Structure formats: C-alpha cells, structure tokens
Amino acid sequence: MPASYEAVMKLALERGFYFPSCEIYADAPAGFWEYGPTGVGIKNKFIELWRRELVRRDGMMEIDGCQVMSKSVFVASGHLGNFTDPIVKCGKCGSTFRADRFITEKTGEDVPEKMPNEEIDAIIDKKDLKCPNCKGEFGGVSRFNMMFRIGIGPAGEEAYLRPETCQTIFVDFARIFKTMRGRLPLGVAQIGKSFRNEIAPRQSLLRLREFYQAEIEVFCNPNKLDEVPRFEEVKQTILRIQDGPTMKEATAEEAIKLGLVPNRLIAYYLALLVQFYEKTGIDLQKSRFRKLSDEEKAFYATAAFDFEVETSIGWLELVACNYRSDYDLKGHANTSKQNLEVLDPADQTKVLPHIFELSMGIDRSLYTILEHCYYEDKQHDDRVVLGLRPYLAPVLVGVLPLMKKDGLDEKARKIHSDLKLDFDSFYDESGSIGRRYRRLEEVGAPFAVTIDQTTMQDDTVTVRHRDNMQQERVKASELRRYLQESLKQ
RNA sequence: GCGACGGUCGUCCAGUUUGGUCUAGGACAUCAGAUUGCCAAUCUGGUAACCCGGGUUCAAAUCCCGGCCGUCGCACCA
C-alpha cells in the first residue's frame with residue numbers, strides 16, 4: 001500500500017494521532033476531530049518549528065486572541081455582508097442551490113451576491129424558474145452565513161466565533177504597534193482556533209468546522225514594498241509558481257524580474273514560507289504557489305497565491321498568501337471610528353498600513369506531513385514507517401531493554417527517566433525487540449536505544465536508526481548530547 | 001444541503017440474501033504468563049464490537065421507520 005489517504009487514516013486511528021470528536025455519542029456532529037497524544041506531539045512541534053522559522057527568525061510579534069468576537073468586528077470585516085450566500089430551497093424535494101449562480105446559469109442574467117433577497121425572488125418569479133431535480137416550486141431566497149453565531153450573557157447578545165484568526169490581529173494592531181514600539185514592516189503572528197459552519201465537512205482533518213490556523217499579518221507601508229533589507233537572505237530560494245496553465249521555477253530574485261511576484265516584500269515572505277515547509281519534510285517538488293485569477297481571489301485580496309501541495313487525494317491548499325491592501329484597517333477604522341494610521345519615522349509621514357498575510361491551515365499541514373512521511377518498506381516485511389524529522393516526532397527515542405532480566409530492565413528505566421524531562425522518551429519492555437522497533441517506527445520515532453549485556457559491562461548502549469535500521473554503539477553518558485544534536489537541522 | 005451506497009472488537013473482515021446452534025467468528029493489534037534474546041518468532045490464556053432511538057415478531061446484527069456518521073457525485077469551501 002503506497003502512502004494514501006486510507007493508509008494515513010488507518011495509522012491515525014490505530015496509533016492515536018486523531019479521531020472523531022464525541023465519538024461515543026450517536027449525535028456527534030460532522031466536521032469536528034480531536035488530536036490524540038501522538039497527534040498533539042506532532043502539532044506542538046510543528047508550531048514550535050513555525051515559531052522558530054518564521055516568528056523568531058523574522059522578529060514577528062505573537063499574540064493569542066479570543067475566539068469569540070463582537071458583531072461589529074464582522075460588520076467591519078465584511079463577513080456579515082459579502083460572505084452570506086443567497087440560497088433557494090425547493091419546497092418539494094429540499095434541494096438547495098446558490099440562488100445567484102443558479103439564475104445566471106439558467107438565464108444568463110448577472111446576479112450580484114449582494115442583490116436584495118426580494119429582487120432575486122422577483123427574478124425567479126418572472127422567469128418562472130423551477131427546481132431542476134423535481135420541477136418543484138422554490139421557497140423564498142434566504143442567506144447562509146458560515147459563521148457560528150452565539151449569544152453572550154442572559155440576553156444572548158449577538159456575537160460570533162471568529163471564522164479566521166486574523167481579525168484579532170487587525171483589531172489589536174493599534175495597541176501592539178504603540179506598546180511594542182512597532183515599525184513598519186511589522187509582522188504579527190497568531191496560532192489559534194477558527195470556526196466555519198461548513199455545509200459539507202469532509203475528509204477528517206482537511207475540511208473541519210473547528211480548526212487551527214497559524215496566521216501572519218505583515219503590516220507594511222504600501223509605498224515601500226521593495227524596501228526589504230533581509231531580502232538578501234532569501235533571494236536564492238526557489239519559488240515554484242503556477243500562473244494559469246504555466247508552471248515556472250525561479251529564484252525569489254528572478255521571480256520579481258519576471259513579473260511572477262509583484263514586489264520584494266511578497267517574494268521575501270513566500271521564500272520564508274518555502275524554507276519553513278522544506279523543514280517539515282514535505283516534498284517541495286510536489287508543491288506550488290498557485291497565482292489566483294481575479295475570479296478566484298477573495299474579495300479583499302489584490303494579489304493572491306495559494307501554497308498548495310500534492311497528495312494522494314489531489315492538490316491541497318495549505319496556506320493562503322493574500323495581499324489584502326488596506327481593506328481591513330480601513331474597514332475597522334471606519335466602523336470603530338478609530339484612527340489606525342501610524343507614523344513612518346523615515347519620512348515622518350502618516351500612513352494606513354497595507355497588509356500581506358500568510359494564512360496557514362495547521363490541520364491540513366499536519367495531514368500532508370503525515371502522508372509525505374509515510375512509507376511501507378518493501379525490503380523489510382512492508383514495515384510501516386513514519387519518516388518524521390526528529391524535531392517533529394512525537395517520540396524522539398524509545399528506550400528498550402533487550403530482555404526483562406539480569407537488571408537490563410532496571411538499567412533501561414534509569415536511562416529513560418534520565419531523559420524523559422528533556423526529550424520525548426518512551427520506555428517499552430513488552431514483546432520481542434523487533435516488535436518494539438516496529439511500533440516505534442509507526443509513530444515516527446527516529447531513534448531506539450537498546451540496553452543489552454554489554455551495557456552492563458561498559459555502560460554503552462546501541463542507538464538504532466529508524467530509516468536505515470543501522471545501529472551504533474554510544475556511551476550512555478553521551479546520549480543526551482547525541483539526541484540534542486539530532487534536533488538541530 | 002441533495003442523491004447513491006455503506007456503518008459489526010483498536011484496525012480490517014465474515015455473518016444480514018432466507019430473522020432462530022450468533023452464547024456474534026477470524027486475522028492483525030493489544031494485555032498477562034512461559035520460552036527466546038537485536039529486527040513483526042512460538043505456545044498458553046485474556047481484554048474487546050452489532051452507530052443511536054423506535055417499530056414488527058415467540059425471537060432482530062439480520063426486516064421496517066427516523067436520526068447520526070462515513071465514502072462518492074452535485075453543490076459549497078468567504
């Protein structure tokens with residue numbers, strides 16, 4: 001079995017990576033999944049890698065905001081206007097359709113999403129449109145909003161679960177900029193949950209109703225999009241860019257010259273993103289930045305690239321990279337009546353920052369890492385191996401006594417307890433040694449330390465490597481340094 | 001949300017056609033003991049499931065109704 005959605009799913013269920021939420025109840029809703037112990041291990045390490053390679057490297061500021069946000073936030077953001085799709089439901093068979101698209105398809109008439117419900121109803125009446133499935137009459141147009149609405153306090157004040165984490169960053173921007181002595185360009189980052197009431201959640205981690213995002217919002221001066229001193233560090237990074245039907249590979253520097261990327265600021269962050277994903281173990285040969293056409297772009301984006309990775313079930317969007325211009329800050333400034341302009345000290349001008357964002361889906365990224373790292377080793381009984389990088393593995397090292405006698409088990413327990421506070425160490429004495437190696441491989445543990453008779457004589461242990469199954473002898477006293485070393489690049 | 005098909009130990013599958021030896025079976029996984037002692041060994045024993053609710057019937061894993069979940073297709077994915 002090659003790496004496939006089914007194989008990854010099977011492993012996830014068998015080894016506790018992730019599983020359906022509330023599964024002991026029959027009324028558990030779709031689109032909610034939990035991470036088990038091994039899954040959390042990978043997730044936490046993925047987040048730490050993200051912090052190291054993006055937040056700390058670039059000197060970004062990380063915040064942690066609330067999941068419940070006021071109604072006004074979404075009036076300003078446009079979520080309560082632009083994102084409500086007009087839908088019609090057949091009174092007879094219950095089929096539902098996007099009203100605007102349905103009318104355009106049937107009559108050729110252009111129907112903007114924002115057209116009032118009554119006008120859309122009038123068109124359906126006039127053109128005598130019927131349900132294409134059963135010829136039934138349509139009920140009136142209604143609006144479907146993908147946000148979860150909640151009631152605050154006894155009066156049930158209207159509020160919403162955020163449908164994207166970035167709104168927190170926008171509304172917090174002024175305070176962060178002032179109190180943290182910000183300067184443009186300023187990256188503000190956040191990891192957190194977002195909620196979207198998907199109509200048809202599907203494929204476990206890939207389309208969730210409650211999901212993790214890692215977002216980076218870069219606030220910048222729109223007049224200085226090519227002033228990026230650190231661009232030098234990344235200019236040789238290869239960007240693979242799909243523009244319409246053509247796929248082009250170019251360094252970040254060339255990509256600007258070729259007009260594939262509009263400016264240095266965007267090129268810089270796309271390159272950082274590539275360098276980050278290279279370290280996750282995802283095969284970058286199966287990745288691309290897909291330049292979105294005008295029709296595909298979100299309403300707020302003036303330039304947009306989706307970072308996509310090919311998996312057994314097709315191309316998956318892992319990160320949306322949008323140049324959002326001043327859409328967000330302008331909206332929040334108008335709605336809140338606050339001035340969100342900042343001073344650019346270089347030329348003492350006031351400017352309303354523009355925003356370039358990297359909006360990463362953590363759950364999808366984790367799935368992709370699992371799939372790209374999964375393999376079955378034909379040379380060795382089709383052993384299932386998760387070839388995770390050491391710094392992403394939920395278990396770094398398994399500590400195994402060769403046998404449970406002659407004091408080997410006690411010695412092994414001692415070594416395990418010496419390691420476990422600083423490393424993800426796992427002690428296992430159950431079953432044959434080969435069996436235990438295989439179990440460790442399935443959760444991606446890169447190393448197994450075995451305690452044998454020789455250990456009792458000279459205090460050395462064997463370190464077995466997951467990928468090539470080779471072993472080497474290492475002094476027990478050197479183990480910590482050995483493991484420490486493995487966690488570096 | 002619509003349609004088609006499906007839902008049985010942790011995982012995969014048998015059993016449902018024709019209701020009754022199903023007290024639900026197997027494989028893998030897992031646990032305990034024995035034996036072995038560096039790559040899924042063997043033996044013995046154990047844990048562990050009919051998605052939920054209702055109905056038909058003397059009797060339901062099996063038939064009927066409703067719900068939930070999953071896969072696929074359509075639609076959706078801001």
Side-chain angles (χ1 to χ4, degrees), chain A residues 1 5-7 9-16 19-33 36 74 77-85 87-90 92-99 101-102 105 113 131-134 136 142 144-147 163-164 194 196-204 206-209 211 296-301 306 313 316-317 320 322 359 361 364 377 379-384 400-406 408 430-442 448-454 461-462 464-466 468-471:
Chain A
M1 188 159 49
Y5 178 78
E6 288 74 25
M9 197 65 210
K10 183 174 192 287
L11 186 65
L13 290 172
E14 282 178 344
R15 295 295 180 194
F19 45 86
S21 179
C22 308
E23 62 178 338
I24 64 169
Y25 286 104
D27 65 349
F32 299 89
W33 289 70
F74 303 109
S77 71
H79 286 84
L80 284 171
N82 300 17
F83 299 160
T84 50
D85 301 332
I87 54 174
V88 282
K89 184 167 182 171
C90 168
K92 196 170 151 199
C93 73
S95 300
T96 48
F97 303 89
R98 273 283 293 269
R101 298 195 182 178
F102 181 74
E105 187 186 314
E113 269 177 36
C131 171
N133 294 346
C134 73
S142 58
F144 179 73
N145 190 293
M146 297 194 54
M147 285 197 293
E164 52 185 17
S194 288
R196 294 180 193 177
N197 198 359
E198 293 281 356
I199 295 172
R202 231 162 251 196
Q203 288 166 321
S204 61
L206 304 182
R207 267 170 80 187
L208 294 163
R209 286 182 164 138
F211 57 100
E296 288 178 301
K297 274 188 273 191
F299 70 95
Y300 49 69
D306 278 354
I313 48 175
L316 286 182
E317 177 193 338
N322 293 308
S359 174
R364 289 177 168 197
D377 184 354
Q379 308 299 313
H380 300 97
D381 313 309
D382 288 332
R383 66 183 182 132
V384 170
L400 321 171
L402 189 56
M403 44 186 151
K404 272 187 282 185
K405 60 182 183 189
D406 302 337
L408 296 187
S430 158
S432 73
I433 191 71
R435 172 83 244 137
R436 284 177 273 162
Y437 288 148
R438 297 296 160 88
R439 279 197 285 248
L440 286 167
E441 289 159 356
E442 290 192 6
V449 162
T450 307
I451 283 74
D452 57 15
Q453 296 292 0
T454 313
V461 297
T462 62
R464 181 222 188 231
H465 295 256
R466 173 194 65 205
N468 58 18
M469 301 168 72
Q470 299 296 306
Q471 286 180 298

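Residue numbers begin at 1 in each chain, while the letters A, B, ... track the order of the sequences. Everything numeric here is computed off the predicted structure, so don't read it as measured data.
- At the phosphate of B/C76, neither OP1 nor OP2 sits under 4.0 Å from any side-chain N or O atom of A/Arg207.
- When Watson-Crick and G-U wobble pairs are counted only if both distances are under 3.5 Å, B/C39 pairs with no nucleotide at all.
- Counting non-hydrogen atoms under 4.0 angstrom, A/Asn197 reaches nothing in the nucleic acid.
- A donor-acceptor contact shorter than 3.5 Å links the side chain of A/Arg364 to the backbone of A/Leu206.
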Tabulate protein N/O versus nucleotide N/O from nucleotides 31-37 of chain B, keeping only pairs under 3.5 Å, one per line.
residue	atom	partner	partner atom	Å
B/C31	OP2	A/Ser430	OG	3.3
B/G37	N2	A/Leu402	O	2.7
B/G37	N3	A/Leu402	O	3.4

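- The closest donor-acceptor contact from the side chain of A/Asp381 to the backbone of A/Arg383 lies at 3.5 Å or more, if one exists at all.
- Spacing of P atoms, B/A4 relative to B/G67, comes out at 13 Å, to the nearest Å.
- Rounded to an integer number of Å, the gap from A/Glu442 CD to B/C39 C1' is 14 Å.
- Rounded to whole angstrom, the span from the CG atom of A/Asp381 across to the C1' atom of B/C39 amounts to 9 Å.
- One atom, CZ of A/Arg438, and another, P of B/C38, lie 15 Å apart when rounded to the nearest Å.
- Side chain of A/Asn145 to main chain of A/Asn197: no donor-acceptor pair is present (N/O by atom type, distance under 3.5 Å, no hydrogens or angles).
- Between A/Arg438 and A/Glu441 there is a salt bridge, with a side-chain nitrogen of the basic residue lying less than 4.0 Å from a carboxylate oxygen of the acidic one.
- Following rounding to the nearest Å, A/Glu23 (CD) and B/C52 (P) show an atom-to-atom distance of 13 Å.
- The listed nucleotides are B/A78, B/C38, B/G1; the one nearest the side chain of A/Arg196 is B/A78.
- Using a 4.5 Å cut-off on side-chain heavy atoms (C-beta onward), A/Arg196 and A/Arg207 make no contact.
- Across all strands shown, the partner of B/U30 is B/G46, judged by Watson-Crick or G-U wobble contacts whose two distances both fall under 3.5 Å.
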Please produce a list of atom pairs where a protein N or O lies less than 3.5 Å from an N or O of nucleotides 62-69 of chain B.
residue	atom	partner	partner atom	Å
B/C68	O2'	A/Ala26	O	2.3
B/C68	O2'	A/Ala28	O	3.4
B/C69	OP1	A/Ala30	N	2.9

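- For the pair A/Arg383 CZ and B/C39 P, the interatomic distance rounds to 13 Å; values are reported in whole Å.
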Given side chain to side chain contact (heavy atoms under 4.5 Å, CB included), test A/Arg439 with A/Arg15 step by step and report yes or no. CA-CA 9 Å; A/Arg439 279 197 285 248; A/Arg15 295 295 180 194; 3.9 Å; yes
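- Rounded to whole angstrom, the span from the CZ atom of A/Arg364 across to the P atom of B/C77 amounts to 13 Å.
- The CD1 atom of A/Ile199 sits 8 Å away from the P atom of B/C76 (whole-angstrom rounding).
- With both pairing distances under 3.5 Å, B/C74 is matched to B/G1 as a Watson-Crick or G-U wobble pair.
- Going from the C1' atom of B/U11 to that of B/U21 covers 29 Å, rounded to whole Å.
- Summarising the geometry, the separation between CD on A/Gln453 and P on B/C38 is reported as 10 Å, rounded to the nearest angstrom.
- B/A29 and B/A48: their C1' atoms are spaced 11 Å apart (whole Å).
- Checked against B/A29, B/G10, B/C76, the side chain of A/Glu14 finds its nearest nucleotide in B/G10.
- In this structure the side chain of A/Arg466 never reaches within 4.5 angstrom of the side chain of A/Leu440, judged on heavy atoms.
- Nucleotide B/U18 is matched to nothing when pairs are restricted to Watson-Crick or G-U wobble geometry with both distances under 3.5 angstrom.
- Comparing B/U71, B/U11, B/G1 against the side chain of A/Tyr5 picks out B/U71 as the nearest.
- For A/Glu317 and B/C77, a side-chain-to-base donor-acceptor distance below 3.5 Å is absent, hydrogens and geometry of angles not being considered.
- Comparing the same atom, C1', in B/U8 and in B/C69 gives a spacing of 15 Å after rounding to whole Å.
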Distances under 3.5 Å between nitrogen or oxygen atoms of protein and nucleotides 72-74 of chain B:
residue	atom	partner	partner atom	Å
B/C72	N4	A/Arg202	NH2	3.4
B/G73	O6	A/Arg202	NH2	3.1

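- Rounded to whole Å, the separation between the P atoms of B/G53 and B/A61 comes to 13 Å.
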